[in-house]
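Notes to accompany the following structure.
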Amino acid sequence: MQVLSVTPEIFPLIKTGGLADVTGALPIALGPKGVAIRTLVPGYPVVMAAFAKKKAVYQYPLLQGGKASIHAVKIGDLDLFVLDAPHLFGRQGGPYGTASGADWPDNWRRFAALSQAGGDIAGGAISGYQPDIVHAHDWQSAMTLAYMRYGKAVGVPSLITVHNLAFQGQFGAGIFGELGLPAVAMQLDGVEYYGGVGYLKAGLQAAWAITTVSPTYAQEIRSPEFGMGLDGLINMRATDLHGIVNGIDVDIWNPETDKHLVANYSADTLAARAKNRKAVEERFGLEADGSPIVCVVSRLTWQKGMDILAAVVDGIVAAGARLAILGSGDAGLEGTLLAAAARHRGRVGVVVGYDEGLSHTMQGGCDAIVIPSRFEPCGLTQLYGLRYGCVPVVARTGGLADTIIDANEAALTAGVATGFQFAPNNGGAMLHAIQRLVEVHARPAVWASIQRQGMKADVSWDKSAEKYVELYRLLLSKRAA
């Protein structure tokens with residue numbers, strides 16, 4: 001089975017969040033199951049630098065304002081189509097904006113070009129390659145399905161995975177004339193959205209199937225609270241909606257072999273985590289004592305609930321826990337957390353920014369990781385926490401609710417608890433969960449049981465990949481019918 005995946009990010013080449021982890025891991029997980037995924041990605045400078053031989057398999061004399069070409073390359077275990085369009089992607093900065101964080105004003109054009117290329121490939125533009133299915137990811141590639149619907153690939157099965165419904169790609173109606181779509185597409189059942197053009201909305205409308213990255217999130221987005229204005233359309237497509245929880249790359253995230261750790265360990269050698277714990281204490285300037293270290297590895301944003309956390313830092317310290325925070329984002333939140341670290345020297349440490357190696361060390365040395373997201377389509381950091389014996393403390397939402405078993409008395413008695421859930425998502429409930437954590441941490445045998453139970457959890461891609469295979473087969477059967 002040949003699947004064309006279209007995505008703005010893919011690990012390890014270009015990553016801003018969990019989307020890249022998924023699009024990078026899924027092809028590797030599906031390969032042994034008889035699914036060959038070829039991924040179309042933009043030719044950002046870092047992507048173009050990753051391969052030497054540049055031989056185009058397709059050329060555009062003009063694509064959204066300039067010359068462009070598609071290269072077929074293999075980088076590591078990934079089979080890629082790279083869209084080389086220097087006028088759109090050959091820029092310094094992030095994939096979506098400048099180094100200072102401002103969005104590129106022509107993002108509508110950049111990702112229309114990516115989607116147009118995806119639609120062309122789906123329609124047979126590249127000699128010798130015809131995908132059986134097209135799989136788009138998030139708003140940046142969602143328009144691929146619109147180009148398929150109104151072009152040569154109308155009969156090719158398609159699906160879109162929503163990694164975060166909050167990001168929708170909404171633009172003014174004035175861009176429509178430059179998208180290269182027929183006039184009929186600018187209608188309610190096409191790409192029109194509240195008088196403008198909605199990229200994600202267009203993909204949700206055109207896709208044969210819709211997936212989200214956890215079953216709970218699939219149900220949450222059908223409500224006005226989480227539907228972000230699209231709940232009506234999503235409810236209309238409810239029979240085509242599927243929730244498939246993400247996995248993680250268990251080779252990269254493996255405490256027994258992880259080179260980022262000071263000391264490797266397993267569920268049978270948890271005492272070795274002490275050396276990683278010491279490294280965390282030194283890096284964050286924390287006092288060395290027996291109290292639990294609760295960490296945060298996150299974007300410092302409203303969605304991630306970091307304002308809720310910031311409001312109860314004093315309470316967390318009073319409860320007897322230490323806090324290690326790694327992240328960046330909202331400048332006000334950064335300042336508030338840095339002030340808390342100054343107020344609680346030795347009990348709270350903050351590193352502003354992101355450091356992949358440090359994030360691994362924190363999972364390997366901290367006792368718990370708190371994730372108070374207001375909404376979380378899946379979440380990966382709690383899966384890393386399970387894998388590393390860094391007990392997750394999570395808001396009861398989305399994939400967090402699906403992947404963590406709360407350490408209530410029944411679960412503790414049965415020996416199945418893997419973390420702590422809290423609801424509603426407010427400071428009081430979070431603080432109560434931290435207090436529960438501190439109490440259980442004082443019972444070493446029970447705490448080790450929670451760690452080991454989490455480390456036993458299957459957080460690999462295997463089960464989830466099987467569900468994607470089943471969905472792909474379902475779509476192919478619809479095509480045959």
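For the residue pair T301 and D330, no side-chain donor N or O sits within less than 3.5 Å of a side-chain acceptor on the partner.
Taking CE from M306 and CD from E334, the interatomic distance works out to 12.5 Å, rounded to the nearest 0.5 Å.
The backbone N or O of W302 sits less than 3.5 Å from a side-chain atom of R374, completing a donor-acceptor pair. The main-chain N or O of T7 is never found under 3.5 Å from a side-chain atom of H137 such that the two would form a donor-acceptor pair. Side chain of Q382 to backbone of G379: a donor-acceptor contact under 3.5 angstrom is found. Remark: side-chain polar atoms of D307 are not paired, donor with acceptor, to backbone N or O of L333 under 3.5 angstrom. In terms of modelled atom types and a separation under 3.5 Å, the side chain of S464 and the main chain of V245 share a donor-acceptor contact.
Taking every heavy atom of both residues into account, A407 and A417 meet most closely at CA-CB, 3.5 Å. Summarising the geometry of T144 relative to G118, their closest heavy-atom pair is CG2-C, 3.7 Å, with the distance given to 0.1 Å.
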Inset, instruction - Please lay out, stage by stage, how D120 and Y60 fare under the test side-chain hydrogen bond (donor to acceptor under 3.5 Å, both in side chains). - result: CA-CA 11 Å; D120 290 340; Y60 290 95; 2.6 Å; yes

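Y193 is listed as a side-chain neighbour of L230, based on a closest heavy-atom distance under 4.5 Å. No side-chain heavy atom of V416 sits less than 4.5 Å from a side-chain heavy atom of T418.
Separation of the F171 and W139 ring centroids falls under the 6.0 Å cut-off. For an aromatic pair to be called close, the ring centres must be under 6.0 Å apart, and F81 with Y129 satisfies this. Side-chain rings of Y388 and W253 approach one another, their centers coming within less than 6.0 Å. Ring to ring, H135 and Y468 are close: their centroids are under 6.0 angstrom apart.
Between F375 and Y217, the angle of the ring planes stays under 30°, which puts this pair in the parallel group of the 30/60° scheme.
For the pair R91 and D106, the salt-bridge criterion is met [side-chain N within less than 4.0 Å of a carboxylate O].
Q64 pairs in a side chain to side chain donor-acceptor pair (under 3.5 Å) with only one of the listed residues (R109, R110, H87, E178), which is R109.
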